[in-house]
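Here is how names work: the chains are called A, B, and so on, in the same order as the sequence lines, proteins then strands, and each is numbered from 1.
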Amino acid sequence: MSTPPVVTRFAPSPTGHLHIGGARSALFCWAFAKRHAGKFMLRIEDTDAARSSVESARGIIEDLEWLGIHNDLGPYLAPDGSIAQRDWPDGRVGTFFQAQRVPIYDRELERLVRLGRAYPAFDTPEETEAQRAAAAAAKQTYRYPRPAEIEFGVFNPALEARWARAKAGERHVVRFAAPREEIVVHDRVLGDVRIAAGELDDFVIRKADGFPTYHFAVVVDDESMGVTHVLRAQEHLANTPRHVALQRALGYPTPVYGHMPIICNMDGSKMSKRDKAKVARQFLSDTIKKGATTASAASADTGVAPADLAAFLAKENDSNEIAAKIASRFGLTLPEIEVADFRASGYLPAAICNYLALLGWNPGLKTPDGKDLEKFDMAFLAQHFSLERIGKQNSKFDRAKLLSFNADAIAAMPDADFRAAWASWLGDKAIHGDAGVATLRPVLDIVRDARRGAWLVTAIKARAKTLRGAYDSCKNWLVRPDDSKSFAPAAVEKHLKANNGQGAALLRAFATRLAACDPFDPPTIHALIDAFVKEHALPNPGPIAQAVRVAVAGEPVTPGLGETLAVLGKSSVLARITRCLEALAS
RNA sequence: GGCCCCGUCGUCUAGCCCGGUCUAGGACACUACCCUUUCACGGUAGGGACAUGGGUUCGAAUCCCAUCGGGGUCACCA
C-alpha cells in the first residue's frame with residue numbers, strides 16, 4: 001500500500017501583515033511537505049468579514065514569496081500582479097479564500113443538523129454575554145447550556161422546528177452539539193493530550209452573519225482540500241479537541257497534528273502585533289506625563305485625529321498606523337514584529353529563515369569541527385526537517401542573534417549579490433518613503449554606478465550587519481557637500497590640532513600627493529598612503545589616515561580609506577581637504 | 001480562576017526516549033587580551049545552566065512523584 005502524499009497548509013487570516021511567528025509556522029509546514037515530497041498549501045481564512053482585506057492577503061502572499069517559502073497549492077502572485085491560484089489537477093478546491101466557500105460550509109453544516117449534531121440557537125449576543133458575566137462573577141466556568149429539547153444525535157421535532165425558523169430567516173447562530181466524552185489528541189510534538197469529558201461546550205460553528213467560525217471552516221477545508229498534516233503554534237492546542245470532535249461528527253479522518261512552541265518576546269510574553277502599539281503608547285503617555293508635549297499637540301504633529309489618538313492612548317485600539325505615525329514623529333524605533341518590519345530594517349530572507357528554523361527546531365547535527373550545526377539554507381531544511389526534533393518549550397525571539405546571523409549571511413554573499421540586494425532595498429525605501437529619503441537617491445545612484453558602486457560595496461559589505469546598516473554607515477560622508485564646514489570637534493582636536501597641528505600639516509602634505517594620484521583607485525591610493533607613511537617615518541598610518549577621515553567625512557569613522565576616497569572621487573576629496581584646512585585656519 | 005502545555009548558561013539549544021563516556025557541549029550576547037589606519041571583522045581566554053524537594057538505582061540532567069515557576073487558552077477573532 002502506498003502512503004498518501006503529505007499535504008501541509010499555512011492558513012493565515014488576512015487582517016494585517018505576516019507576523020514573524022506566522023512566518024515560522026509557514027516555514028515549518030513548507031519544510032515538512034518538502035521533506036516528504038508532499039505539497040504545501042496556502043489558504044486564506046477571511047471569514048471575519050469586518051477585519052479581512054484582499055490587500056492584507058496580497059501582502060502576506062508577497063511576504064511569503066520574499067522569504068522564499070513558495071506554495072504548491074493556493075493563491076500566488078501572477079506576473080501581472082493579480083492573485084492567481086494553483087489547485088489540484090481535478091480542481092477539487094475551487095477557491096482557497098474561505099469567504100467564497102460558504103455554500104460548502106452550509107452543505108456540511110446542514111448535514112450536521114440533520115444528524116442531530118448541530119442546532120440553531122436564537123440567543124442574542126447580549127444574552128449570552130450576560131450569562132458569561134454572571135458565571136464569571138460567581139467564579140464559575142461558563143459553558144453554553146444545551147437546550148433540554150435538543151437530543152444528542154437525533155434530528156427530533158424540536159430541532160426540526162428550530163431549523164425551520166432559521167431557514168425562514170430568523171437571526172441565529174448554529175452551535176455544535178459537542179460529545180460528552182474524553183478526547184485524546186495524538187500530537188506528534190507534544191504526545192497525547194487528553195481533554196476530559198464535558199470540557200467542550202456547544203461552541204458556535206456558524207455566525208449570525210452566515211459565515212462559519214474558524215473551527216468549522218478549518219475542519220471542513222482541511223478535509224475538502226486534502227490536508228494530511230496540521231502543524232501550527234501551540235496557541236491552537238486548546239482548539240484541537242473541538243476540531244477532532246467536529247471531524248468525528250462529520251465522518252472525516254483526523255489529520256496528523258503537531259503543535260509547535262510559541263515565539264515570545266524577551267520578557268516572556270507572546271510576541272504580538274500589539275507590541276508595536278504598546279511601545280508607542282507607553283512612549284507617548286510618558287512624554288505627555290513629563291510635560292514634553294500634550295495630547296492635542298501630539299495629535300496635530302502626527303496627523304492623527306484627537307479622538308483616535310485618545311482612543312489609542314486609552315488602549316481602546318492597537319492601531320499599527322497610529323503607532324507608526326507616533327514613531328516617525330518622535331524618532332522612536334518600534335520593535336520589528338512582522339516580516340515587513342524585518343525587511344524594512346534590512347534583514348535578508350535567508351538569514352530570517354535560518355534563524356526562524358532554529359526557534360523551536362534543531363537539526364541535532366554537528367559541524368566537522370564538533371560544533372552544533374546552525375547555519376543552513378532552505379535546501380538543507382527541505383532535506384532534514386523533522387517533527388521529532390521540534391522542541392516543546394516556548395522560545396524567546398533574540399534580535400541580537402538574528403542580527404549576527406544576518407551579518408554572517410551578508411559577509412558570505414558574493415559582492416554582486418550583495419550589491420543587487422542592497423540596491424533593491426534602497427529602491428524599495430526610496431519608493432515607499434523614509435525619513436532619510438534625501439540621501440537615499442544619491443546613495444542608490446552610486447551603488448548602481450559601475451566603478452564607484454563596486455568600490456562602495458567592497459568597502460561596506462564586510463562591516464554591514466543589515467542593509468540598513470550598510471546605508472547608515474555611508475550615507476553621511478557619501479552625500480556630504482564638498483563645502484561642508486561641519487567637523488566633529490573632538491575629532492578635529494585629536495587628529496588635526498593635537499601635537500602642534502601635526503595632523504593638519506600631514507594632511508596638507510598628503511593633499512599634494514593625492515592631487516597627483518593617478519589612477520584614483522583603491523590600490524593606488526593604498527600604495528600612496530604606505531609610501532607617505534614611510535616617507536614621514538610614521539609609526540603607523542594612524543596619524544594621516546585619521547586626519548584624512550576627519551577632513552573628508554567630518555568624522556573619524558569610515559570604511560577603508562582606499563575605497564572611501566576612490567568612491568568620492570579626486571576632485572571631491574581635494575575640495576573637502578581644502579575646505580577643512582581653511583576651516584582650521586580661521 | 002478552570003482546562004492544557006512547558007521548565008539545561010542572560011537567550012537559542014545539544015544531551016533526555018535507550019540512566020554511567022557530562023568535572024554538561026555549541027551558538028548569540030557579555031568581559032579581557034591580541035590583531036589593527038578608524039569602525040567592523042578575525043584570534044585567544046574567561047564568567048555563566050541541569051527550577052526545588054522527595055523517591056527508584058551501585059549510579060540521574062536523563063526514570064517516577066510532589067512543589068514552585070513560566071506560558072497558552074477560555075468570543076457570533078482566527
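For B:rC76, the OP1/OP2 oxygens have a side-chain nitrogen or oxygen of A:R132 closer than 4.0 Å. Taking 4.0 angstrom as the limit, A:R463 places none of its side-chain polar atoms (N or O) nearer than this to OP1 or OP2 of B:rU36. For B:rA40, neither phosphate oxygen OP1 nor OP2 lies less than 4.0 angstrom from any side-chain nitrogen or oxygen of A:S473. Residue A:R389 places at least one side-chain N or O under 4.0 Å from the OP1 or OP2 atom of B:rA14. Proximity of A:K270 to the phosphate of B:rU73: a side-chain N or O atom is located under 4.0 Å from OP1 or OP2. In this structure, A:K396 does not reach the B:rG71 phosphate: none of its side-chain N or O atoms is under 4.0 Å from OP1 or OP2. In this model, the phosphate group of B:rA27 is approached by a side-chain N or O of A:K371 to a distance below 4.0 Å at OP1 or OP2.
Between A:R9 atom CZ and B:rA78 atom P there is a gap of 14 Å when expressed in whole angstrom units. Look at OH on A:Y355: it is 7 Å from C1' on B:rU11, rounded to the nearest Å. Here B:rA78 presents its P atom at 15 Å from CG of A:D222, a figure rounded to the nearest Å. The CG atom of A:L478 sits 21 Å away from the P atom of B:rC39 (whole-angstrom rounding). The CD atom of A:E493 sits 20 Å away from the P atom of B:rU38 (whole-angstrom rounding). What separates OH of A:Y214 from P of B:rA75 is a distance of 15 Å, to the nearest Å. One atom, CG of A:L365, and another, P of B:rC12, lie 21 Å apart when rounded to the nearest Å. In this structure, CZ of A:R232 is placed 17 Å from P of B:rG72, rounded to the nearest angstrom.
A:T564 comes within 4.0 angstrom of no nucleic acid atom, judged by non-hydrogen atoms across all strands. When heavy atoms are screened at a 4.0 angstrom cut-off, A:R175 is found touching the sugar-phosphate backbone but no base atom. Heavy atoms of A:D123 sit under 4.0 angstrom from at least one base atom. Among the protein residues, A:P559 comes within range of the nucleic acid bases, having at least one heavy atom under 4.0 Å from a base atom. Heavy atoms of A:H236 sit under 4.0 angstrom from at least one base atom. Within the 4.0 angstrom heavy-atom criterion, no nucleotide atom of any strand lies near A:D209. Among the protein residues, A:T47 comes within range of the sugar-phosphate backbone only, with heavy atoms under 4.0 Å from sugar or phosphate atoms but none that close to a base. Among the heavy atoms of the strands lying under 4.0 Å from A:V173 is at least one base atom, whether or not backbone atoms are also near. Within 4.0 Å (heavy atoms only), A:T558 reaches at least one base atom of the nucleic acid. Using a 4.0 Å heavy-atom cutoff across all strands shown, A:A208 reaches at least one base atom of the nucleic acid. Here A:G391 lies out of heavy-atom contact (under 4.0 Å) with every strand. Counting any heavy atom pair closer than 4.0 Å across all strands shown, A:G364 reaches no nucleic acid atom. Residue A:H526 is classed as a base contact, given a heavy-atom separation below 4.0 Å to a base.
The same atom, P, is picked in B:rG2 and in B:rG48; the two are 40 Å apart, to the nearest Å. Straight-line distance between the C1' atoms of B:rU37 and B:rU44: roughly 23 Å, to the nearest whole Å. Using C1' as the reference atom, B:rA49 and B:rC22 are 13 Å apart when rounded to the nearest Å. Nucleotides B:rG1 and B:rA60 place their P atoms 35 Å apart, quoted to the nearest Å. B:rC9 and B:rG15 are spaced 16 Å apart, taking the P atom of each and rounding to whole Å. Using P as the reference atom, B:rC50 and B:rA29 are 24 Å apart when rounded to the nearest Å. Separating the P atom of B:rG10 from that of B:rA24 is a span of 15 Å, rounded to the nearest Å. Look at the C1' atom in both B:rU67 and B:rU11: the space between them is 27 Å, to the nearest Å.
For A:H495 and B:rU37, a side-chain-to-base donor-acceptor distance below 3.5 Å is absent, hydrogens and geometry of angles not being considered.
Under the side-chain hydrogen bond (donor to acceptor under 3.5 Å, both in side chains) criterion, A:Y257 pairs with A:Q247, not counting sequence neighbours. Shown here are the side-chain contact (heavy atoms from CB on, under 4.5 Å) partners of A:H186, two or more places apart in sequence or in another chain: A:V184, A:D192.
Nearest to the side chain of A:F405, among B:rU38, B:rU37, B:rA27, sits B:rA27. In the set B:rG71, B:rC12, B:rA78, B:rG71 carries the atom at the smallest distance from any side-chain atom of A:I262. Minimum atom distance to the side chain of A:N540 is reached by B:rU37, of the listed B:rC28, B:rA40, B:rU37. Between B:rC76, B:rA40, B:rC28, one nucleotide has an atom nearer to the side chain of A:S404 than all others, and that is B:rC28. The side chain of A:D48 has B:rA78 as its nearest neighbour among B:rA78, B:rC39, B:rG25.
Along RNA chain B, the nucleotide nearest A:P541 and the nucleotide nearest A:E126 are compared for position; the residue whose nucleotide lies closer to the 5' end is A:P541. A residue-by-residue look at A:A545 and A:D398 shows that A:D398 has its nearest nucleotide of RNA chain B further toward the 5' end.
A:T367 and A:D369 form a side-chain donor-acceptor contact under 3.5 Å, judged by distance and modelled atom types alone. Looking only at atom types and distance, the side chain of A:D221 has a donor-acceptor partner in the side chain of A:Q98 under 3.5 Å away.
Using modelled atom types, one side-chain atom of A:S272 and one backbone atom of A:R274 make a donor-acceptor pair closer than 3.5 Å.
Other residues, nucleotides and ligands contribute more than 12 heavy atoms inside 6.0 Å of the NZ atom of A:K375. Around the CZ atom of A:R513, the shell of radius 6.0 Å holds no more than 12 heavy atoms that belong to other residues, nucleotides or ligands.
If you take CG on A:D201 and OH on A:Y142, they are separated by 7.5 Å, rounding to the nearest 0.5 Å.
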Practice problem: Report the C-alpha separation of A:Y471 and A:T439 in whole Å, then their side-chain angles, then the decisive distance to 0.1 Å, and conclude whether the side-chain hydrogen bond (donor to acceptor under 3.5 Å, both in side chains) test is met. | Solution: CA-CA 9 Å; A:Y471 165 65; A:T439 56; 2.5 Å; yes

Can you name the atoms? Protein N/O to nucleotides 1-7 of chain B N/O, anything below 3.5 Å, with the distance.
residue : atom : partner : partner atom : Å
B:rC5   : O2'  : A:Q234  : OE1          : 3.3

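Annotation: side chain of A:E45 is in contact with side chain of A:V218 (closest heavy-atom distance under 4.5 Å). Proximity of A:I525 to A:C517: side-chain heavy atoms (C-beta onward) are separated by under 4.5 Å at one or more points.
A:H495 has its ring centre no less than 6.0 Å from the ring centre of A:F487.
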